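In what follows, a single structure is set out as structure tokens and then discussed.
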Amino acid sequence: MSAAELKNPPQNQATGASDMAHIVLTFDNNKLASALYGQFDENLARLEQKLGVDIRSRGNQLAIKGSASAAEQARRALDTLYGILQKGADIGQSDVDGAVRMAIAADDQLTLPTLERKGKVSAAQISTRKKTIYARSLTQDAYMRALERSEMVFGIGPAGTGKTYLAVAHAAMLLERGMVERIVLSRPAVEAGERLGFLPGDMKEKVDPYLRPLYDALYDMMPADKVERAIAAEVIEIAPLAFMRGRTLAHAAVILDEAQNTTQMQMKMFLTRLGENSRMIVTGDPSQIDLPPNTKSGLVEALRILDGVPGIVTVRFNEGDVVRHPLVAEIVKAYDRDGKLARGLGAES
């Protein structure tokens with residue numbers, strides 16, 4: 001029985017052309033079925049648009065018509081979304097888009113070690129007391145599995161792919177489960193040149209603007225009062241990269257965000273902080289380096305130097321993995337095209 005709790009298994013029937021299929025799904029919970037369809041069936045309409053299928057609803061029953069591959073992808077996506085609803089979570093547009101991406105990529109998932117039958121491989125997930133996050137792209141799936149298995153992971157790619165958010169979520173999960181004793185979150189304060197003295201306020205007030213995205217992700221994963229208590233007790237430490245020098249970080253989940261803005265010396269210093277029973281996650285986007293001219297990015301150099309080192313996993317995201325507003329993916333693509341064009345013109349001149 002699938003996550004959709006099918007009363008009647010989907011039946012593929014030819015609909016005139018040999019490559020067409022007709023799949024019927026029946027859900028046992030009318031309330032969850034309504035949530036699955038969305039207001040005015042908006043979720044079904046989005047699936048139709050994304051996959052080129054026709055979906056008709058009648059009560060708790062859905063009829064999917066389209067090419068055999070697209071109809072099966074729609075069934076997989078609906079199965080995933082219904083499973084999320086069964087676990088008490090809500091679904092929105094981004095969840096529908098993620099389920100579609102995962103349904104299309106289901107065959108590729110079989111490259112992972114699994115005994116599950118084709119098309120039934122579950123998306124990776126991260127669960128904290130406050131929420132559960134499911135992979136919304138094949139790269140997110142690979143990233144989340146790498147975080148589970150490896151002590152050092154690099155998440156590389158454009159904004160909006162979830163690389164930092166998932167890293168913080170994984171760290172929060174490890175802390176809740178007692179697998180680490182603390183979380184250390186860091187970013188280089190490039191805009192202030194790591195010289196924060198001229199900014200108003202105490203040290204926390206000086207560095208907070210640079211570390212705000214990490215706070216936001218933490219509050220999404222854990223109740224606000226628990227986050228505040230953990231920060232006060234230094235169980236969660238949020239600090240600029242300059243404060244990492246000379247330390248050994250043991251029994252900790254350590255995250256370096258915006259790593260493209262580290263220098264080579266800073267990156268080496270950070271990576272060598274890894275202590276016993278710790279996990280280290282480095283995230284960044286090499287296309288958005290804000291370092292002074294002629295300064296090499298520590299992230300770019302680390303990826304080159306550490307390529308092939310056992311125990312270090314690098315997961316690369318691209319514009320197809322952007323899970324924010326659909327326009328973000330288009331913006332990333334446009335900038336990539338412009339950058340390639342500029343490099344081409346530069347090579348010719």
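Remember, it's a predicted structure, so these values are computed and weren't measured experimentally. Counting begins at 1 with the first residue of the sequence.
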request  = With sequence neighbours left out, write down each residue that passes ring-ring contact (aromatic ring centres under 6.0 Å, His included) with Phe317, or none if nothing qualifies.
outcome  = Tyr143
Using atom types as modelled, flag every donor-acceptor pair under 3.5 Å from a side chain in residues 237-250 to any protein atom, sequence neighbours excluded.
from: Glu237; atom 1: OE1; to: Arg247; atom 2: NH1; distance (Å): 3.4
from: Glu237; atom 1: OE1; to: Arg247; atom 2: NH2; distance (Å): 2.9
from: Glu237; atom 1: OE2; to: Arg247; atom 2: NH1; distance (Å): 2.7

inquiry  = Applying side-chain hydrogen bond (donor to acceptor under 3.5 Å, both in side chains) as the test, list every pair that has at least one member in residues 169-183; sequence neighbours left out.
reply    = none
Arg56: partners by salt bridge (Lys or Arg N to Asp or Glu O under 4.0 Å), with sequence neighbours left out = Asp54
key: Residues in salt bridge (Lys or Arg N to Asp or Glu O under 4.0 Å) contact with Arg279, at least two apart in sequence or another chain   = none
Carboxylate-amine/guanidinium proximity below 4.0 Å for Glu148 and Arg145 = no
ask   = What salt bridge (charged side-chain N to carboxylate O under 4.0 Å, His left out) pairs are there with at least one residue in residues 259-277, not counting sequence neighbours?
value = none
Thr295 vs Thr263 side-chain heavy atoms within contact, under 4.5 Å = yes
ask   = Residues two or more places apart in sequence or in another chain: which of them pass salt bridge (Lys or Arg N to Asp or Glu O under 4.0 Å) with Lys131?
value = Asp220
task = For Asp41, check salt bridge (Lys or Arg N to Asp or Glu O under 4.0 Å) against everything at least two apart and list the hits.
result = none
ask   = Passes side chain to side chain donor-acceptor pair (under 3.5 Å), Gln61 versus Thr26? Steps please.
value = CA-CA 4 Å; Gln61 193 172 82; Thr26 304; 3.2 Å; yes
request  = Could you pull out all residues at least two apart from Asp225 that satisfy side chain to side chain contact (heavy atoms under 4.5 Å, CB included)?
outcome  = Pro223, Arg229
Determine all donor-acceptor pairs shorter than 3.5 Å in which one atom belongs to a side chain in residues 300-311; sequence neighbours excluded.
from: Glu301; atom 1: OE1; to: Gln264; atom 2: NE2; distance (Å): 3.4
from: Glu301; atom 1: OE1; to: Arg304; atom 2: NH2; distance (Å): 2.8

ask   = Does any donor atom in the side chain of Ser94 or Arg136 lie under 3.5 Å from an acceptor atom in the other side chain?
value = yes
query = Charged N to carboxylate O below 4.0 Å: is that the case for Glu72 and Arg76?
reply = yes
task = Could you tell me which non-hydrogen atom of Val53 sits nearest to which non-hydrogen atom of Gly66, and how far apart they are?
result = CG1-CA, 4.3 Å
request  = Give a yes-or-no answer on whether the side chains of Ser297 and Gln260 include a donor-acceptor pair shorter than 3.5 Å.
outcome  = no
inquiry  = List the residues meeting side-chain hydrogen bond (donor to acceptor under 3.5 Å, both in side chains) with Ser287, not counting sequence neighbours, and say none if there are none.
reply    = Asp285
remark   = Value for OG1 (Thr314) from CZ (Arg316), rounded to nearest 0.5 Å, stands at 6.0 Å
task = Output every pair passing salt bridge (charged side-chain N to carboxylate O under 4.0 Å, His left out) with a member in residues 151-162, not counting sequence neighbours, ordered by first then second residue.
result = none
task = Output the distance between atom OG1 (Thr164) and atom CD1 (Ile255), rounded to the nearest 0.5 Å.
result = 8.0 Å
query = Which atoms form the tightest heavy-atom contact between Ile281 and Ala167, and what is the distance?
reply = CG2-CB, 3.7 Å
